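Input: a single structure, listed below in structure tokens.
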Amino acid sequence: MVERVVAWFEESARDLPWRAADRSPWGVLVSEVMLQQTPVVRVEPAWRAWMAAWPTPADLAAASTADVLRAWDRLGYPRRALRLQECARAIVARHGGRVPDDEEALLALPGIGAYTAAAVRAFAFGRRSVVLDTNVRRVLARVVAGAALPAPSLTAGEVRDAAALVPADDVAAARWAAASMELGALVCTARSPRCEVCPVASSCAWLARGRPADDHPGRRRTQAWAGTDRQVRGRIMALLRDALHPVPLHAVDAVWPDAAQRTRCLESLEADGLVTRVPPASIDDEPTFTLPA
DNA sequence: GACGCGTGGAG
DNA sequence: TCTCCAAGCGT
């Protein structure tokens, strides 16, 4: 299983910039944060521009947050950009500007969770770690468990199964991590898996069972989008990203008709540190809003 | 453990 | 059109 997936990876791996021979641990970390819930095609150009602007943690640590949020552009979930800058500052403060390679130190960084810490160890440092993302979970659910999709949330059993598969050797383990993720991304996809070209089709429990449908009851349905705070927050952020000057309140008002919701979103953005409110100069004026300096 | 958090492309 | 989904994290 591991052997065949790795062999397939050797000839099928995408040529991504954060996999280049001259990549830095910082570049890998940046890519992993950008890739949290955002597709590769949208991350690639943003990553190139980002690394050109801030090639080291110290560079990002010293940047203006407004510039950082503009460079994040429309990758989505802009709080990730904030955390990435906090992460850079923590790397400078705690680790002399070098990305740490031990699990505990990585996990302690803002925006770095179990997946990203494991991925950075494997891809940036070639160290053995259990890299268990949505791709790997899906591959193992199918090949090993014979299910269409993994459980809605990560189970202890999955972690145990995944850990048991990871080769003992550092280099082999890192290759397996990359290969199993790539298989999930390119072949063992969520929507229409390409079992015809899968290197482990002959040993896939799900395929052997005739690809039964997902049997997880009450799978979390995606939140309706129209009218959500997320949509409103997104509109406000887009307005401020594109603005050359502080935006007066009445201009913010124009992005959404519901005043109560608008106010709630503006305040939550301020609380998140994504928006700065500039008080009016005189009592007759209105406040203005900008991205944080 | 469940929720909230952006965005845009594909089927 | 609308639904689903894309290398999760923090609370």
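Sequence lines set the chain letters: A, B, ... in the order given, protein chains first and strands last, and positions in each chain run from 1. In this text, all values refer to a predicted model and were calculated from it rather than measured experimentally.
We find that CG of A:Leu69 is positioned 11 Å from P of B:dG6, with the value rounded to whole Å. The nearest whole Å value for the distance from the CG atom in A:Leu154 to the P atom in B:dG1 is 9 Å. When rounded to the nearest whole Å, the span between CD of A:Glu182 and P of C:dA6 equals 14 Å. Put simply, CG on A:Leu29 is 18 Å from P on C:dA7, counting in whole angstrom units. Here the P atom of nucleotide C:dG8 and the CD atom of A:Glu32 are 9 Å apart, to the nearest Å. Summarising the geometry, the separation between CZ on A:Arg80 and C1' on C:dG10 is reported as 14 Å, rounded to the nearest angstrom. Atom P of nucleotide C:dA6 and atom CG of A:Leu149 are separated by 9 Å, given to the nearest angstrom. Summarising the geometry, the separation between CG on A:Asn135 and P on C:dA6 is reported as 7 Å, rounded to the nearest angstrom.
Nearest approach of A:Val136 to A:Ser180, heavy atoms of both residues: CG2-OG, 3.5 Å.
For A:Thr134 and C:dG8, a side-chain-to-base donor-acceptor distance below 3.5 Å is absent, hydrogens and geometry of angles not being considered.
If you check residues 256-277 of chain A against DNA chain C, you find no residue with a heavy atom closer than 4.0 Å. Looking at residues 158-169 of chain A, you'll see that no heavy atom sits under 4.0 Å from any atom of DNA chain B. DNA chain C lies under 4.0 Å from at least one heavy atom of each of the following residues of residues 111-118 of chain A: A:Gly111, A:Ile112, A:Gly113, A:Ala114, A:Tyr115, A:Thr116.
Within 4.0 Å (heavy atoms only), A:Ala119 reaches no atom of the nucleic acid at all. Heavy atoms of A:Trp72 sit nowhere under 4.0 angstrom from any nucleic acid atom. Within 4.0 Å (heavy atoms only), A:Val40 reaches at least one base atom of the nucleic acid. Here A:Arg14 lies in heavy-atom contact (under 4.0 Å) with a base.
At least one side-chain heavy atom of A:Asp229 sits less than 4.5 Å from a side-chain heavy atom of A:Gln261. Residues A:Asp101 and A:Pro25 have side chains not in contact (no heavy-atom distance under 4.5 Å, counting atoms from C-beta outward).
Across B:dG8 and C:dC9, the matching P atoms stand 23 Å from one another, rounded to whole Å. The same atom, P, is picked in B:dG4 and in C:dA7; the two are 23 Å apart, to the nearest Å.
A:Leu60 and A:Leu106 fall within a single hydrophobic cluster, where Ile, Leu, Val, Met, Phe, Trp and Tyr are joined by side-chain heavy atoms under 4.5 Å apart, directly or via other members. Residues A:Val143 and A:Trp206 fall into different hydrophobic clusters, defined by Ile, Leu, Val, Met, Phe, Trp and Tyr side chains chained together at heavy-atom separations under 4.5 Å.
For the salt bridge (charged side-chain N to carboxylate O under 4.0 Å, His left out) condition, the pairs that include at least one residue of residues 21-46 of chain A, sequence neighbours left out, are A:Glu44-A:Arg48. Applying the ring-ring contact (aromatic ring centres under 6.0 Å, His included) definition to pairs two or more places apart or across chains, those involving residues 33-84 of chain A are A:Trp18-A:Trp47, A:Trp50-A:Trp54, A:Trp50-A:Trp72. The list of ring-ring contact (aromatic ring centres under 6.0 Å, His included) pairs with a residue in residues 95-142 of chain A, not counting sequence neighbours, is empty. Listed by first and then second residue, the salt bridge (charged side-chain N to carboxylate O under 4.0 Å, His left out) pairs that reach into residues 240-255 of chain A are A:Asp253-A:Arg262, sequence neighbours excluded.
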Check: protein-nucleotides 7-11 of chain B nitrogen or oxygen pairs below 3.5 Å:
residue	atom	partner	partner atom	Å
B:dT7	O2	A:Arg42	NH1	2.9
B:dT7	O2	A:Arg42	NH2	3.1
B:dG8	OP1	A:Arg74	NE	3.3
B:dG8	OP1	A:Arg74	NH1	2.8

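Evaluation of the side-chain contact (heavy atoms from CB on, under 4.5 Å) rule for A:Ala174 yields A:Ala122 as partners, not counting sequence neighbours. A:Arg137 meets the side-chain contact (heavy atoms from CB on, under 4.5 Å) test with A:Leu132, A:Pro150, A:Ala151, A:Leu154, A:Glu158; sequence neighbours excluded. Among residues two or more places apart in sequence or in another chain, the side-chain contact (heavy atoms from CB on, under 4.5 Å) test is passed with A:Arg194 by A:Val187, A:Glu196, A:Val197.
For the pair A:Arg83 and C:dT11, the criterion of a side-chain N or O lying under 4.0 Å from OP1 or OP2 is not met.
When the nearest nucleotides of DNA chain B are assigned to A:Ser153 and A:Gln36 by heavy-atom distance, the more 5′-ward of the two goes with A:Ser153. The residue among A:Pro110 and A:Leu16 whose nearest nucleotide of DNA chain C is located toward the 5' end is A:Leu16.
No more than 12 heavy-atom neighbours from other residues, nucleotides or ligands sit within 6.0 angstrom of CZ on A:Arg74.
If you take CD1 on A:Ile112 and CD on A:Glu86, they are separated by 11.5 Å, rounding to the nearest 0.5 Å.
Apart from A:Leu274 itself, the hydrophobic cluster it occupies contains A:Leu69, A:Leu82, A:Val232, A:Ile236, A:Met237, A:Leu239, A:Leu240, A:Val247, A:Leu249, A:Val252, A:Val255, A:Trp256, A:Leu266, A:Leu269, A:Val275, A:Phe289, A:Leu291, where clustering links Ile, Leu, Val, Met, Phe, Trp and Tyr at side-chain heavy-atom distances under 4.5 Å.
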